[in-house]
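Comments concern the structure below.
For clarity, every value in this text was computed on a predicted model and none was experimentally measured.
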Amino acid sequence: MAKGSKVKSRKGHSKAKSTRRAQNAFEIASAQERAKHGDLDSDDDDGAIVNPTRGSDDEGEDQEFEDEELDSDEALGSDDDFDVLSSKFSQTLRDKAKSKKKSGTKHQSDGQEEEEEEEGYNSIDESELVPLSAVWDLDEKDRKKSSGKDIVLNDDWETESSQESEDDSESEEDDDDEEEFPFEQGESDEDEVELTQLKKQLQKGDKRGKKQYQDLNIEENELALPGGGDAITLTDMISIVDKDASKNAILIDKEETETSGKSLDVPLPKRIQQRHERKAAYQISKDEVNKWKDTVKQNRNAEVLSFPLNPKVQHNEASSFASTPAMTDMEKKINGLLTESALLNENQEATFEEIQTAKMSPEEVRKRTAELRKMRELMFRQEREAKRLKKIKSKSFRRIKKKEMLKNKEMIDGSSDDEDHDAKRAEERMSLKHKNNAYAKSLVRSGLSKDGEAREEMEEMLRRGERLKAKILDREDEDEEFGDMNNLDLDKEVDESSDSELRDKLGKTGVMNMAFMKNAEARERTANAEERARLQKLNATGDLEQFQEDEVNSVNISINPGRRVYTPGAGVSKAEISRVNKQVVEEEAIDSSKSLPNRLVKAHEGKSKKVSPESEQEGDDDDEIPWMAKDDKQVQKSRKVKVIDSNSSKLEKSGNKISKQQKKRKANEMDADDEILEMDGVMKLVDPHGEDSGKEEEDESQVRMFKQTDMMKQAFAGDEDVIAEFNAEKRKIVEDEGDQVEDLTLPGWGDWVGGNHKTKKNKVLKKKKGIVDANNRKDRFKQNVIINEKVNKKNAKYQAQNVPFTFETKDQYERSLRMPIGQEWTSRETHQRLTMPKITTKRGVVIDPLKAPFK
Amino acid sequence: MGKFTGKNGSVDHENQSKFERGPNGGKKSGRRPKDFRTRQRMNKIDDQYKEAVRSAAATEMLLQEDAGYLEAEGMEKTFKFKQDEIKQAVDESTANKAFQLDLKEFGPYTLDYSRNGTHLLIGGEKGHVASMDWRKGELRAELHLGETVNAVKYLHNEQFFAVAQKKYTFIYDHEGTEVHRLKQHVEIKHLEFLPYHYLLATSGNSGFLKYQDTSTGVLVNEIRTKLGPTQSMTQNPWNAVIHLGSATGVVSLWSPAANEPLVKIQACRGPVKAIGVDRSGHYMAVAGADKSLKIWDVRQFKEVYSYYTPTPASSISIADTGVLSVSWGPHVTVWKDAFRTKQDSPYMNHMIPGSRINTIRHVPFEDILGVGHTSGVSSLIIPGSGEANFDSMEVNPFETAKQRQETEVRSLLNKLPADSIALDPNFIGTVDKRSNAQRLKPHELEELTKKKQLEEESKLEPRPTVRGKNSALRRHMRKRQQNVIDERKLRLEANLKREKELRAQMIRKQKGLPEEKELLGPALARFK
């Protein structure tokens, strides 16, 4: 093929010839210009510069070649652009297109010729390479042909390239061709000849040639329609705007004309087209951007954004001992050592065992497992057995055990020495758990004793206290006796009977059988029996009347019932006895007061006495409501009334008197304290002490109190005007700060002097707005209060002048301020959240742009 | 159980209402915002607020300490318990806190405790002043001033204290060194210190209320009360408003930002002997010479309850827990819950026989009441009077020296301006309702600015010094009859003429005009 050689030749002198080409280019261009205009003659005249033949015919030939080629291409595969490009002539085509583009886009100026030449040079067409001799021949041939054809061809090209008549691109092509010829001379062969012939044939076959022939008649000017009278196609229009498009448009145009042959609709105005395009483009970009919409929204609404947005989740290892790769040298070293000594391998043990079993034969293994199972079974059974035995033991065995334990304990208790006792007592004292203290009393009084727990506690305390006291008083035995009081039953009597039997056995003689001894014994026995009966009675009823009656007289009647003995020591002893008795009574009272049932009984008694005496017996303790219980004091009081009557002894009476006096004194003291309570004589509601002191005798303090208030009123009687003054001041302020009405009428104007003074009708009044209207004052309904309504100007600077933007109302704005963010007023959590920066970044971490979500 | 409503699964607490803020208890009110964004923003704000309230309510469980009270059982009455009984019953450390100082020579004593309750400042009327760490029993400073002492007051911490003496008020440091003599505070009877504003408020016989900034030393404001000598004085700890009691029974409320009383209350008929305001700033107790003791609601300015004292009260102190103590004669009466309900009987009583009580003060964070009386100072145990939970960010009863210093700096940084004191401290940041009415219209503003500009211009322009019309010379020229020509007049006229010429020449010279040449010589010139 010629192509290969052509390329070689090109390399040799493309640059060397460039300048010359440039010169020629201009000449050719001008020549062509003339040719186009159809005045060939003038062209020939100018042949001094250029070869005339070439200027006209040869050039035309070249053009023809080129066009032919194009046409053929189209003919071959106009449907498929790609095919054409990849075909044999693709290079040529592409080159040409390139050059055309270049020349098209570039302005037609000679200054750029050099470059264009280069392009032109590169885009030499193989088909154009014709031997010189052939060219001459062609020239001759062409001349023989009508000159019109030349023009036709020329014009044909022109129409195709649509008004590129003055373009130099063609001239360049020509120029190149011309230059190429000298070098191509030697390379001429039949191929080229064949090609030319083929082209000619094609040319003949082309019907466009005829069509274009008609075009020729159209006058060539700017206003001439490119279609030459045909319907204007879109391509034609576009070609004006864009020459690139024109190139393509040729193809389309042809296609259309070939296929449909229909005329196109008038295109939309450019403006509207562009609008459509913009719309489409916008829609596309919008769709694209919308993919991020949700993400952006979320991020905008987020209180805090911390970048990177989606950090890799670092899962915590299940164990803190999980293996982590050794980081430091030390770790590595240790690791190495461990592996070396085979300590690190965790599987080793397991494998070892596995190996052991693996070594054994299956039978052996089976045997071993069976053995193990058996052992396990045995162990389990043993355990079950032990459990069962334990259970069996638990009833009687436990009881015995318990008894034993108690015995041991008692023994230990019995052996406890004084020191131990002292220590215990001290401990007890420390814990305030002895009975006669304020705490216990307070418990009773507060009614806490009604509470089960508290009562238990108290009882326990009392028990302890008694025991300890007994220790002190060395009354252990008695205590025991008393403790067994409940068991004062037949046992003792049996004892007595056995005693008598024993006595009978002693015989009739002996001191014991003497009359006085017998008498004494009998007396003693009766006394004992009496005592026992009394105790039993006491035990049964809990009545203390015996004790109380006992203390009645200081007469010794213990020995001889029929005789009264007045001994000087008797009084003292009696006093002692009475004291003891009193104590007992008191203690009993306290005891009884502490136990809920007793209290309730008493309360009920107290109540029922008033209401109905028969309900006394019916009163069920459990049904009693705790808050119905009355105070101890009341109970005591009632007892006191019962105890002291006209029959009571003088001593007792006097004692009673003294105690009464003491009480009174106490009450007075109380009253002295109560003074403060009764400060408010008017609004006083209930005084718990009014009962005992107020009713029995005149409450002096109360009287004094009223006197004081009266006095005070008297003392400050003159100060009534203080309040009057204040009210006057308030009135004045209200007036001053309220709206003012000014009378602007001229005084005396239009008035008659003298009698019959009439009020003027047309007064000129001016209203002056005050600070605040009297009806809107804050202190309007408040007595003894004046609130300043004047504006504090100094405070105004801490207020906002108006509601800041985005807030619509004052309320909204103030709502936004109500929660302070300082850590003095909020919790740490709130403070931190409210002061957190909106965006936090991790230092040194690259923040990636938002990733498109899956859409 | 509460319901789950919070975003983070937080729970509504029962005590939440206690932590609500703002008007109408944090409830939403008003219409929904129209704008979408505003609505969103408001929703966010509301959410944040709710969450904040919730978390604040949740923190309350951290306040583990609880104030105990004296409880009577049965027929016992709490006011019957004597101090020595209580002393026996309580633990050793508390018992030690009830002490007595027998100072019979310099009484009656007034006293004050530092804000964190660690230090006690006593001032004997006859000139004995002592500052001490009363818990440790360490004396910090002791002064014998040899001058009447009317009042003593610790400033922001125990490092400084003010003493109102016979004439002036002095400030001493912790060692008793005189630091300042406040010359402007004359004959002061009462001292108050506003810790958040660093203001020392004084009043006395002069009837002036003066505010002295103790951090800058500036006298912020001196207000003429026009109510005569001040009988009593206290501050509202909630809004830093000063309450003054006058001889006419008027209690007036003052702020350094206003020269008139914010409120005037006719509380009693006689002179106001003592005033006390509780920590929350809701209630005020006023004791008058008419033996009345009245409880006022300071939010609504309404009298709530009224009591009587057997003799006029001398001092009132209200503890942090709302325990109200009143002293009258040798007695101290302590009332519990006196503000909430009408009390029938006092909580506690105490009498110091043969001694008139001058001042009583509850100790912050302690169940102690300090009593200053004629024969010294004694402290009484009042169970349940001290705040059990302290906020160490605010005042720390166990603070170290370092902490004290840091607190001092912090509080100075957070110092509030004096003119931000108002009846309702929440006014700050709110929208001024009246501002619209007050604002100038554009044309008014323009006029105003023009006027101002003119004034300024006229001020800047230098005026020629014009000789007065009534100079001796002119008078002479004017007075004499025109037709009488004497020698002096001639001479004067000539002089004046010459002067005029010279002036004209000077003007010419200034203007750059060529000098007029004298065509004639000096000898002939006069004939010109």
Side-chain angles (χ1 to χ4, degrees), chain A residues 441-448 631-633 673 675-677 679-681 683-686 708-709 712 716 719 722-723 725-726 779 782 784-788 790-792 794-796 798-803 806-819 824 826-827 829-830 834, chain B residues 21-22 26 29-30 33-35 37-38 41-42 45 48-49 51-52 55-56 58-59 73-76 79-80 248-250 257-258 260-266 269-270 290-291 301-302 307-310 331 333 342 344-346 349 393-394 419-420 422 427-432 434-436:
Chain A
K441 278 177 194 165
S442 66
L443 267 179
V444 175
R445 271 156 212 179
S446 72
L448 263 178
D631 278 347
D632 282 21
K633 201 174 173 184
D673 283 338
E675 269 176 28
I676 309 106
L677 314 190
M679 283 187 293
D680 179 17
M683 304 184 82
K684 195 165 149 285
L685 298 174
V686 186
Q708 274 182 354
T709 49
M712 185 206 65
F716 290 97
D719 287 335
V722 168
I723 288 163
E725 259 174 46
F726 188 83
D779 53 12
K782 281 166 185 160
N784 297 342
V785 175
I786 303 171
I787 298 173
N788 194 347
K790 277 177 196 158
V791 179
N792 195 343
K794 278 178 184 168
N795 284 344
Y798 298 107
Q799 289 183 306
Q801 294 298 307
N802 39 20
V803 180
T806 71
F807 292 110
E808 284 162 9
T809 59
K810 182 168 163 283
D811 174 63
Q812 282 169 19
Y813 171 58
E814 280 165 13
R815 201 138 55 100
S816 76
L817 291 175
R818 81 198 133 158
M819 183 50 86
E824 287 94 338
T826 53
S827 67
E829 183 198 355
T830 314
L834 295 182
Chain B
R21 282 170 178 271
S29 66
K34 276 179 199 159
D35 181 36
R37 291 224 175 275
T38 315
R41 189 177 170 187
M42 289 316 295
I45 285 167
Q48 277 175 349
Y49 168 77
E51 206 53 44
S55 90
T59 54
E73 283 150 355
M75 61 171 290
E76 276 181 338
F79 56 82
K80 292 275 175 64
T248 52
V250 172
E260 285 178 356
L262 304 173
V263 179
K264 270 169 132 183
I265 302 167
Q266 181 74 47
R269 288 179 179 175
D290 59 352
K291 298 174 192 169
F301 298 110
K302 269 184 183 165
Y307 302 88
Y308 286 99
T309 49
H331 298 270
T333 316
K342 172 82 183 171
D344 296 322
S345 61
N349 267 329
M393 301 275 284
E394 188 64 28
D419 51 7
S420 66
F427 83 94
I428 292 170
T430 55
V431 178
D432 192 359
R434 294 161 296 96
S435 65
N436 274 337

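Panel note: side chain A:Thr806, backbone B:Thr38; no donor-acceptor pair is recorded below 3.5 Å.
Between A:Ala796 and A:Gln801 the shortest heavy-atom distance is O-NE2, 4.4 Å.
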How far apart are the C-alpha atoms of B:Lys80 and B:Glu76, what are their side-chain angles, what is the distance that settles it, and do they pass the salt bridge (charged side-chain N to carboxylate O under 4.0 Å, His left out) test? CA-CA 7 Å; B:Lys80 292 275 175 64; B:Glu76 276 181 338; over 6 Å; no

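Taking chain A as the reference chain and counting heavy-atom pairs below 4.5 Å, the highest number among B:Thr59, B:Val250, B:Leu262, B:Thr430 is found for B:Thr430. Here B:Lys34 is the residue among B:Glu394, B:Lys34, B:Arg37, B:Met393 with the most heavy-atom pairs under 4.5 Å with chain A. Counting heavy-atom pairs under 4.5 Å between each of B:Val263, B:Ile45, B:Asp419, B:Asp35 and chain A puts B:Asp419 at the top. The choice from A:Val803, A:Ile787, A:Asp779, A:Asn795 that makes the most heavy-atom pairs within less than 4.5 Å of chain B is A:Asn795. Considering only heavy-atom pairs separated by less than 4.5 Å from chain A, the leading option among B:Gly249, B:Ala58, B:Ser420, B:Ala258 is B:Ser420.
Only the side chain of A:Leu817 comes within contact range of chain B, judged by heavy atoms closer than 4.5 Å. With a 4.5 Å cut-off on non-hydrogen atoms, B:Pro33 touches chain A through its backbone and its side chain both.
Taking A:Tyr813 as the reference, A:Phe807 meet the ring-ring contact (aromatic ring centres under 6.0 Å, His included) condition, with sequence neighbours excluded. With sequence neighbours excluded, the residues satisfying side-chain contact (heavy atoms from CB on, under 4.5 Å) with A:Leu834 are A:Ile821, A:Thr830, B:Gln48.
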